[in-house]
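One structure is given below, encoded as structure tokens.
Every chain is numbered from 1 and lettered A, B, ... according to where its sequence line falls, protein lines coming before strand lines. Basis for what follows: all heavy atoms, side chains included, without hydrogens, waters or symmetry-related copies.
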2 protein chains.
Amino acid sequence: MSKGIPIATIARLPVYLHGLRLLTDRGVSVVSSEELANLTAVRSTKLRKDLSYLGSYGVRGVGYDVSYLTHQISRAMGLTQNWAVVLIGIGNLGQALAGYGGFSSRGFQIKALLDADPKKIGSIVGGQSVLHIDQLERVFSENANSIAVLAVPESAAQGICDRVVGAGVTSILNFAPMVLQVPSSVELRKVDLSIELQILAFYEQRKLANSSALLNSV
Amino acid sequence: MSKGIPIATIARLPVYLHGLRLLTDRGVSVVSSEELANLTAVRSTKLRKDLSYLGSYGVRGVGYDVSYLTHQISRAMGLTQNWAVVLIGIGNLGQALAGYGGFSSRGFQIKALLDADPKKIGSIVGGQSVLHIDQLERVFSENANSIAVLAVPESAAQGICDRVVGAGVTSILNFAPMVLQVPSSVELRKVDLSIELQILAFYEQRKLANSSALLNSV
DNA sequence: GGCTGTGAAAAAGTTCACAGCT
DNA sequence: AGCTGTGAACTTTTTCACAGCC
């Protein structure tokens, strides 16, 4: 049943959840696939196909109940439970992440902030005190099944990653712009803030190239 | 020739560039597809296939010249020219982006920082002074073909986006966790810091579900 | 021998077309 | 009549297998 949800679908479910939250805020209780698709910049057929992998939660001729669909997607994604997150690296990006509302609103609870810089230890960021990186193993042993979020400099990333894996963590989100090596049993995902910018540059370049080609052909 | 580079390939080229930069730093001058693939967490056949869309830049039996390949990928992606970037929204995330080395090292030059908060105007972030959002239209008219990077609150994002589009911008990178509406002539890409975390939660949940199923079956 | 480059096959993902329910 | 749910067709992406060159 809900065994084989395609990876591409899973990546879109959070976007649908966001659209549903907007509708909830507006007091909308029922939505059609067409309307929700417009809010989330996908085609309605794709949305319906995606939802069909989770089950049949709509009503034909009517649409989807917003709160019921929200619950079903959340459940499918494992967001009905609270997730413990440990944030490592409290630089600019780490501070941004610590204060980012999108985490707590989705059930992610930041259990600890770790940094190696003695000047940062004890300072309050996002409502809690920064701990020294030496506490890493203790923090993870006290918070089983935590997700580690790495916002450390590139040069430190692999070393910290190894310690995190050694502490038994099986889910890591990496913001450092580098490829980390982990055992295959560990789920690792990466966010590189500059990759999307480079992709934009590619499209912008092509646009400029096309318009100058157009000029030449006139 | 280089007309039809698949989108999936384009999204990986920045990752290859990063691997090549590592090799350059280590003084490596020639690399095989196998080695570069290991650095970038893809299969070597996929890497070779991707590179084949750009041209034949390797040498059979030998590998790829690191600096030559770097140049060819950069050229294909439009990174040999400098790109003007205007960063809007200088909160925690905006400050992180302003100080992020991954931009300048790839030819992206932050031309201006804009914010609506009077307390921030004139303060120095990442080496330059924050301007008031009123300057938006002037800034973009003085910097043709700029890319706009939005790191503003969700509630302000669509309004700012509309002004940016009105100022003639055709490439926008959005960090606000919402879907923006733009004309089809505008290239819009989005980075949502929490989506990857939600995807991780999905995998972690499945892992936990599987291990308890295993326990039950014993 | 070793490694690239690439058609062909396979897999994954998207869109279409329409059956099925309210 | 209106909107969901889904097999089937189509498109894109990945992987395979091996020819081609140093």
Side-chain angles (χ1 to χ4, degrees), chain A residues 1-16 19-20 23 28-73 76 195 199 202-203, chain B residues 1-16 19-20 23 28-73 76 195 199 202-203:
Chain A
M1 187 183 78
S2 73
K3 184 64 240 299
I5 306 179
I7 298 164
T9 294
I10 291 163
R12 280 187 297 267
L13 292 180
V15 183
Y16 302 151
L20 289 168
L23 292 169
V28 177
S29 62
V30 174
V31 68
S32 70
S33 62
E34 191 65 38
E35 291 163 331
L36 184 54
N38 286 340
L39 277 175
T40 52
V42 302
R43 302 285 183 84
S44 63
T45 52
K46 192 192 270 186
L47 170 59
R48 289 204 303 279
K49 188 68 155 181
D50 282 341
L51 296 182
S52 78
Y53 293 117
L54 312 185
S56 297
Y57 300 130
V59 180
R60 290 168 203 233
V62 180
Y64 300 87
D65 182 89
V66 172
S67 80
Y68 183 56
L69 186 58
T70 300
H71 176 73
Q72 291 300 342
I73 297 179
I195 281 183
I199 296 172
F202 171 82
Y203 285 115
Chain B
M1 186 184 78
S2 74
K3 183 64 239 301
I5 306 178
I7 297 164
T9 295
I10 291 163
R12 281 187 297 266
L13 292 179
V15 182
Y16 302 152
L20 288 168
L23 291 168
V28 177
S29 63
V30 174
V31 68
S32 69
S33 62
E34 191 65 37
E35 292 163 331
L36 184 54
N38 286 340
L39 278 176
T40 51
V42 301
R43 301 285 184 81
S44 64
T45 52
K46 192 191 272 187
L47 171 58
R48 290 204 302 278
K49 189 66 158 181
D50 283 340
L51 295 182
S52 77
Y53 293 117
L54 312 185
S56 297
Y57 300 129
V59 181
R60 291 168 201 234
V62 180
Y64 300 87
D65 183 272
V66 171
S67 78
Y68 183 57
L69 185 58
T70 300
H71 175 75
Q72 292 299 342
I73 296 180
I195 280 183
I199 295 172
F202 171 83
Y203 285 115

- Query: To the nearest angstrom, how far is B:R12 atom CZ from D:dT15 atom C1'?
  - Reply: 12 Å

- Message: For B:Y16 versus B:L36, what's the shortest heavy-atom pair and its separation?
- Response: O-CD1, 4.3 Å

- Whole-Å distance separating the CZ atom of A:R60 from the C1' atom of D:dT4: 5 Å

- Tell me: OH of A:Y53 to P of D:dT4, nearest whole Å? 17 Å

- Task: Output all residues satisfying side-chain hydrogen bond (donor to acceptor under 3.5 Å, both in side chains) with B:S29, sequence neighbours left out; order by chain, then residue number.
- Result: none

- Note on the structure: To the nearest angstrom, the CD-P distance between B:E34 and D:dT15 comes to 13 Å

- Please report the closest heavy-atom contact between A:V28 and A:V66, naming both atoms and the distance. O-CG2, 3.5 Å

- Task: Please tell me which of A:R48 and A:P6 maps to the more 5' nucleotide of DNA chain C, matching each residue to the nucleotide holding its nearest heavy atom.
- Result: A:P6

- Query: OG1/A:T70 to CG/A:L20 distance, rounded to the nearest 0.5 angstrom?
  - Reply: 4.0 Å

- Nearest-nucleotide comparison on DNA chain C, the residue closer to the 5′ end among B:V59 and A:D50: B:V59

- Query: Does A:S33 have a side-chain nitrogen or oxygen under 4.0 Å from the phosphate oxygens OP1 or OP2 of D:dT4?
  - Reply: yes

- Query: Taking any atom under 4.0 angstrom from a heavy atom of chain A, which nucleotides of DNA chain C are the first and last to qualify, 5' to 3'?
  - Reply: C:dG13 to C:dT22

- d(A:D50 CG, A:S33 OG) to nearest 0.5 Å is 11.5 Å

- Item | Gap between atoms CG and P, on B:L51 and D:dT14 respectively (whole Å) | 13 Å

- Message: Using whole Å, what does the distance between atom P of nucleotide D:dG7 and atom NZ of A:K49 come to?
- Response: 7 Å

- Query: In chain order, what residues pass the side chain to side chain contact (heavy atoms under 4.5 Å, CB included) check against B:V62, with sequence neighbours excluded?
  - Reply: B:V30, B:V59

